[in-house]
Amino acid sequence: MTSVVLTVFLGQTGCTPTYLSKENIIPKPVSVVPTGSSFNMNDQTDIYVQGESAEMKQVGQYLADKLNISTGLGLEVKSTIEAPTPGNIFLSISGDDAELGDEGYQLTITKESVSLLANKPAGLFHGIQTIRQILPAKVEMNSVQKGPWKLATGTIRDFSTYGYRGSMLDVARHFFEVDELKSLIDQMAFYKMNVFHLHLSDDQGWRIEIKSWPNLTKHGGSTEVGGGEGGFYTQEQYSGIVKYAQDRYITIIPEIDMPGHINAAMASYPELNCNGKATELYTGIEVGFSSFCTGKEITYKFIDDVIRELAALTPGPYIHIGGDESHSTKIEDYIPFVNRVQDMVIAHGKKVLGWDEIALSTLKPNTIAQYWAKAENATKAVAQGAKVLMSPAKYAYLDMQYDSTSTFGLHWAGYVEVDKGYNWDPGNLEPEIKKENIIGIEAPLWSETVSNRQEAEYLIFPRLPGYAEIGWTPVELRNWDNYKVRLANHGERMKAMNINFYPSKLVPWNTKDVK
Ligand code: IFG
């Protein structure tokens, strides 16, 4: 009787610790077992990491940095061999919890301690995002906020459904500065996403320095859609972006789109053109008018130089070769071109990703087809034994308008409101594409209609957390009515993170300000 009374009493006074199962975690964890009490972080709390490795200390420091700004508690990171004294946070690695895989974690919170356990540091990093999300939203503010800083007690066991959970930013149509990319990387990390695909070249711009072909950025990077000044990443800047992402367990996949979407290169080097004349720079938004001269050997020398330099800047396993909308390349030229370019990427030690049209060629064993428009292409890829990356434009294209009134975006694939972006299952979308054929999901943002972080965020949020959940959470645990309430409670977190999200009318936002 006493315990019931106690619970009721606490409930009435409002000091009942929030129940772990009532927290608004996105992606939804696989299992949450609440125990109904709370752990109170205070200025005696520190973060202990198991062992002396630099990576463990770096993960611990990431958590400390995320918490110290807003709590002012001055959490320090310390090394230890065994569990620390009560009142602290403990990050440790175990090798024998197979179900968690490389990215999963177990978070155990009692009144006395917070313990985060994983097989790999990546799992600890993902568990840290969950810790952030079960603290009050004001923890994301970038100035000291009043406490208390309570964590509801219980155990969370969590791991991902798909290994590839990504987003893409088209930095070719409009150029985005390094700090804008880093901001998006931070936001993706918060939702446990682990791949960031950069669309680095297109008709309107070439955005990555290639030392053996300097005019690509000098001339080809000098403009953008609408005629603005464009821009590009030096190899040093690009390596900085790769490291920033890697420190957040996010893999960068660079894309050089070919043989179409290649006007920026054709404008930069006359010798690449069949007629020996450079094309004009292009600042419109038409597609399909450009093509490599697939019959000239210099084309393959060029491509090999580009892939060699890009591979040296890419610790990740993939280089994306594009292959989409090659309407100005004859199919009898397209197929051998894609076959040959796959071999070049592999020769430089990388695996190939390409848009679904590449399935018209002979896919090499590890090549992945990115399904965006034609299911029959993706089905051809599956028939060749290839894996498919799911980016169906009518559900996952972040540049699709929310509805006919929304400010930015296009609508050639239809309108994608927040519920439509969430309410689909990659493994049951196309009859021929089964879950076992799917490597994961990616939500691309094409930038014809957006040119800076605020405009991009209007399209990316609040849809991105939904794609993160589709990639992470088992489909049996997902439903829109439950998700929209959790998303609504992320409104104050996105505000605290200064994210310019679209306030969809389909989400019951808790409009109270962050406090
Ligand atoms: N399709 C083109 C993109 C971009 C997009 C805008 C792909 C693979 C339409 N190719 O999507 O370059 O223009 O929604």
Side-chain angles (χ1 to χ4, degrees), residues 7 10-11 13-26 29 32-49 57-78 80 83-92 105-117 124-156 158 186-187 189-192 486 488-499 510 512-515:
T7 307
L10 285 174
T13 60
C15 68
T16 306
T18 49
Y19 274 88
L20 203 50
S21 48
K22 293 212 173 2
E23 296 295 351
N24 299 288
I25 303 166
I26 300 176
V32 180
V33 179
T35 50
S37 183
S38 65
F39 173 85
N40 207 356
M41 275 197 319
N42 56 46
D43 56 10
Q44 302 303 308
T45 304
D46 284 319
I47 297 166
Y48 285 81
V49 299
K57 289 178 185 168
Q58 182 175 314
V59 170
Q61 194 56 49
Y62 172 91
L63 176 58
D65 294 347
K66 285 294 173 193
L67 298 185
N68 281 336
I69 297 167
S70 52
T71 64
L73 294 177
L75 303 173
E76 288 177 29
V77 178
K78 299 177 176 174
T80 178
T85 52
N88 291 300
I89 298 169
F90 183 40
L91 311 182
S92 64
Y105 61 91
Q106 176 166 298
L107 175 59
T108 308
I109 305 169
T110 66
K111 281 191 282 192
E112 294 77 33
S113 69
V114 175
S115 173
L116 186 55
L117 182 66
L124 296 177
F125 186 81
H126 294 140
I128 284 170
Q129 309 316 321
T130 299
I131 290 174
R132 290 170 67 185
Q133 292 191 13
I134 58 180
L135 281 163
K138 59 190 175 187
V139 77
E140 300 304 334
M141 297 293 276
N142 54 18
S143 59
V144 177
Q145 306 296 308
K146 177 167 64 55
W149 300 102
K150 288 177 182 291
L151 286 154
T153 57
T155 299
I156 295 179
D158 199 13
D186 282 329
Q187 294 157 358
F190 186 58
Y191 289 107
K192 303 189 178 79
R486 284 183 286 123
N489 282 282
H490 273 238
E492 52 178 355
R493 291 181 194 275
M494 291 191 280
K495 270 188 210 164
M497 290 189 262
N498 191 23
I499 293 174
N510 60 349
K512 65 179 186 290
D513 278 333
V514 186
K515 51 181 178 299

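What you are looking at is a predicted structure, and each value in this text was computed from that prediction instead of being measured.
The backbone N or O of Pro136 sits nowhere less than 3.5 Å from a side-chain atom of Glu492 that would complete a donor-acceptor pair. For the pair Ser113 (side chain) and Ser115 (backbone), a donor-acceptor distance under 3.5 Å is absent. At distances below 3.5 Å, not a single donor-acceptor pair connects side-chain atoms of Lys192 with backbone N or O atoms of Gln129. With Arg486 contributing its side chain and Ile26 its backbone, the two residues share no donor-acceptor pair below 3.5 Å. In terms of modelled atom types and a separation under 3.5 Å, the side chain of Thr45 and the main chain of Gly87 share a donor-acceptor contact. Between the Gln145 side chain and the Ser143 main chain, a donor and an acceptor come within less than 3.5 Å of each other.
Rounded to the nearest 0.5 angstrom, Phe125 CZ and Gln58 CD are separated by 9.5 Å. Rounding to the nearest 0.5 Å gives a distance of 7.5 Å between OG of Ser92 and CG of Leu116. A distance of 5.0 Å separates CE of Met497 from CD of Glu140, quoted to the nearest 0.5 Å. Atoms OG1 and CD, on Thr153 and Glu112 in that order, are 9.5 Å from each other to the nearest 0.5 Å. Interatomic distance, Lys22 NZ to Ile134 CD1, rounded to the nearest 0.5 Å: 14.5 Å. Going from atom CG of Asn489 over to atom CD1 of Ile25 covers 12.0 Å, rounded to the nearest 0.5 Å.
Considering only residues two or more places apart in sequence or on other chains, Tyr105 meets the side-chain hydrogen bond (donor to acceptor under 3.5 Å, both in side chains) condition with Thr130, Asp158. Every residue two or more places apart in sequence or in another chain that forms a salt bridge (Lys or Arg N to Asp or Glu O under 4.0 Å) with Asp186 is listed here: Arg248. When the side-chain hydrogen bond (donor to acceptor under 3.5 Å, both in side chains) test is applied to Ser21, no partner is found at least two apart in sequence or on another chain. Under the salt bridge (Lys or Arg N to Asp or Glu O under 4.0 Å) criterion, Lys57 pairs with Glu52, not counting sequence neighbours. For Lys111, the salt bridge (Lys or Arg N to Asp or Glu O under 4.0 Å) criterion is met by no residue, not counting sequence neighbours.
Of all heavy-atom pairs spanning Ser38 and Lys150, the tightest one is OG-NZ, 3.8 Å. Listed here is the closest heavy atom pair of Ile47 and Gly60: CD1-O, 3.9 Å. Heavy atoms only, all atoms of each residue included: Val114 and Ile131 are closest at CG1-CD1, 4.3 Å. Shown here for Leu73 and Asp43, the closest heavy-atom pair between the two residues is CD2-N, 3.7 Å. Nearest heavy atoms, Gly36 versus Tyr19: CA-CE2, 3.0 Å. Between Met41 and Ile89, the shortest heavy-atom distance links the atoms SD-CD1, 4.0 Å.
Contacts classified as salt bridge (charged side-chain N to carboxylate O under 4.0 Å, His left out) and involving residues 60-69 (residues at least two apart or in different chains) are not found.
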Check the pair Ile128 / Val59 against side-chain contact (heavy atoms from CB on, under 4.5 Å), numbers first and verdict last. CA-CA 9 Å; Ile128 284 170; Val59 170; 3.5 Å; yes
Trace of the side-chain contact (heavy atoms from CB on, under 4.5 Å) decision for Leu151 with Leu135: CA-CA 6 Å; Leu151 286 154; Leu135 281 163; 3.8 Å; yes
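Neither side chain, Asp46 nor Asn88, offers a donor N or O lying under 3.5 Å from an acceptor on the other.
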